[in-house]
Number of protein chains: 2
Amino acid sequence: MNLKQLSELLGLSQTTVSRALNGYPEVNEATRERVLQAVKETGYRPNKAAQRLATGKAGSIGLVMPTAPDHYSDVHFGEFLTGLGEEAVRHDFHFVIMPADPNDEVGALRRLAISGNVDALFVAYMRGHDPRLPMLKSLSMPFLVHGRSFGSEPDYPYLDIDNEGAFYDAARLLLQLGHTRFALLNGPAHLDFAIRRKNGLVAALAERGLDLPEDCASHTTMTDEHGQFATERFLQLPDRPTAILCSSTVLALGAIRAVNQAGLKLGEDISLIAHDDVLPHLRPENFSVPLTTTRSSLRAAGIRIAQRLIATVKQDAPYPEQELWKTELIVRASTGPVPRQDQNLGGV
Amino acid sequence: MNLKQLSELLGLSQTTVSRALNGYPEVNEATRERVLQAVKETGYRPNKAAQRLATGKAGSIGLVMPTAPDHYSDVHFGEFLTGLGEEAVRHDFHFVIMPADPNDEVGALRRLAISGNVDALFVAYMRGHDPRLPMLKSLSMPFLVHGRSFGSEPDYPYLDIDNEGAFYDAARLLLQLGHTRFALLNGPAHLDFAIRRKNGLVAALAERGLDLPEDCASHTTMTDEHGQFATERFLQLPDRPTAILCSSTVLALGAIRAVNQAGLKLGEDISLIAHDDVLPHLRPENFSVPLTTTRSSLRAAGIRIAQRLIATVKQDAPYPEQELWKTELIVRASTGPVPRQDQNLGGV
DNA sequence: ATATAATTCCAAAGCGCTTTGACACCTCAC
DNA sequence: GTGAGGTGTCAAAGCGCTTTGGAATTATAT
């Protein structure tokens, strides 16, 4: 069943049917209803290839998926993808992926762009001075980045959260509670969000004349095991930290295991604030000691990015080019005043 | 630059240029050369949408990517994807993915099929009695599965390795070396390959009147941490196993850590055979005690699957519908005769 | 009543490719 | 010299949709 047959069936022209289907105003509501009804009955679906040829739009956005463990290996990316996918399905868009050696992301991106299979590109897992940026800019194809690239001029379209602000605020809260010895459970050191979160923490500490010792910062992929191992190390330090900042609730999961095994009480002996990406299976309020968090939904970011990308392709883009989402600081039970015996140790 | 312009530039018809480009025989070699040369100079690339409309082929294969941690979260899938991608790029094919809630894989698959964006479907991570199979068969769209579905009639196109045979052979080798107490570090219990590998082991044991105790089989996602934890448990058993079969070199990595920490010598106190997917960063010969393995390249499987899928779409498919690759059993240093003190414990 | 504007629809022209059916042209055999 | 059989090329017809530029019909203003 194609347009021609459908229109003959209805005794209308292809034009009218096409317009009825695509929501153009110059068609009588009654006729539109009739068309929609016929579509339902016949199961007509417009041919994508023809649509694409006629409009010049493929209805697809491309992304390169590095086939290395680090990048796509975590639940965070899955959650984000879910958001992207949800919105894409809603608009009948689809994703074209290009699996790529991590050493050749730039090349893969270029190949994807010139392949003619995609209308726009999406990139994530930005690093400092990310080499993909200049290439994307040279490409004359719309793109959108999730995150930013530390050290690069921010003159590209992005959606990011205020990582620096989030960890700055979190650190301030802990400072106000009297903590002076901090540890950081962070994501991989080269990633932009990890850089900024660390900066946020360091900035807050600096205001009080404090610093973050080398051995109190851990950079790993964000699994609970890594959270546990790193925290175990922190807890064995001579001046062990009383406050931990954590780049993910997944890391926190492991961290808390380590805290418990050390016989310490979360929220009393040691305070912890985690960044909460709002992963559905890991709600901070359901932890045995509910977690104080900085919150920003990763899925929502996925949805938003899909919206913007799709709007750009459809050329009806009233969206801002650059968005920086604030995070919420939500205080629960995992933070408390610094224990008395730790009050004047370390610090200034 | 399009075909028309290119052909005018060359003083040829569109027909001839098109045929020259697509390798048809009825064009003079000299003309073909001339065309190819012009393509190089002008940078002409055929319009995908037009090609697609004219031929009815999208040049793309679809796969649904479950957005749950387990499925795509491991290096194994990445390695496989690399193979797929490598071959796809070679043929100028691409992948359309549909992120999907794991509970709705079947629906996602259907949506992908009727979206009109793909020529064929690919599925992996098969489970026993996999519900995707009947739906795929009802679809009148070519598909190919990596692995098989235990319990389903094997009347669908697949590429699998002989998991049962691999672990049967591995177990036989260890039995010949006198081992009687076995443990199994396996993948998630519901996955087909895990089921079959366990069956292979159990079958070999049964021939000697042995069995695999409940607490000597571990089913987890295949990370080194899980390998370590599970092995630690094995080693604390009263009748601890002297032989370990391991579904991945990644699991083996952790297992060996546990063995070392327990002060045991690999290949002497305890023997281990791992399945080797030929992950580039994890070569069994580079382990401090080189690993005895059953080997089958996951990347090669990816390449092969892409080849078959592409050939099917292009209708020039001389490939068999079903392939079962044998694995190689490669003996290195991680296997040895059962230690004397363990010789007559346990078993029959 | 007639002129003007909105409303609703249509025929036909693309979009850029592949493929069919024909047509020259050039052997080669008889 | 003619007919058969290749070879190399082309014009034109799709593929199934969107969109342009009218045209017919109806509503509104004069």
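Scope of the values below: all heavy atoms of this structure, side chains included, with no hydrogens, waters or symmetry mates. Note that this is a predicted model, so its numbers are computed, not measured. To find a chain, count down the sequence lines: A is the first, B the second, and so on, and within it residues start at 1.
Rounded to a whole Å, the NZ atom of B/Lys57 is 11 Å from the P atom of C/dT19. Rounded to whole Å, the distance from CZ on A/Arg34 to P on C/dT8 is 14 Å. The nearest whole Å value for the distance from the CD atom in A/Glu29 to the C1' atom in C/dT7 is 13 Å. Rounded to a whole Å, the CG atom of B/Leu12 is 13 Å from the P atom of D/dG8. Distance, A/Glu26 CD to D/dT18 P: 13 Å, rounded to whole Å.
Two residues are said to be in side-chain contact when any heavy atoms from C-beta on lie closer than 4.5 Å; B/Asn47 and B/Asn2 fail this criterion.
Using a 4.0 Å heavy-atom distance criterion, A/Gly11 is classed as a sugar-phosphate-only contact.
Atom CG of B/Asp119 sits about 6.5 Å away from atom NZ of B/Lys57, to the nearest 0.5 Å.
Screening A/Leu133, A/Asp160, A/Leu159 for a side chain to side chain contact (heavy atoms under 4.5 Å, CB included) with A/Val145, the sole residue that qualifies is A/Leu133.
Ring pair B/Phe77/B/Tyr125 is perpendicular by interplanar angle, where above 60° counts as perpendicular and below 30° as parallel.
Taking the ring centre of B/Tyr158 as origin, the terminal cationic atom of B/Arg148 falls inside the region bounded by 6.0 Å and 45° from the ring axis.
Taken over five-pair windows at either terminus, the axes of the helix from C/dT2-D/dA29 to C/dC30-D/dG1 are inclined to one another by 50° (rounded to 10 degrees).
Of the possible polar contacts, one joining the A/Thr42 side chain to the A/Ala38 backbone as a donor-acceptor pair under 3.5 Å is found.
Annotation: side-chain hydrogen bond (donor to acceptor under 3.5 Å, both in side chains) contacts involving residues 134-145 of chain B, sequence neighbours excluded, comprise B/Lys137-B/Asp155.
Within the structure, every side-chain polar atom (N or O) of A/Tyr24 is placed at least 4.0 Å from both OP1 and OP2 of C/dT8.
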With the sugar-phosphate defined as primed atoms, P, OP1 and OP2, and the base as all remaining atoms, what B/S/- string results for nucleotides 11-17 of chain D, 5' to 3', for protein heavy atoms under 4.0 Å?
-> BB-BBBB
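Counted by atom type alone, B/Glu33 and B/Gln37 present zero donor-acceptor pairs between their side chains at under 3.5 Å.
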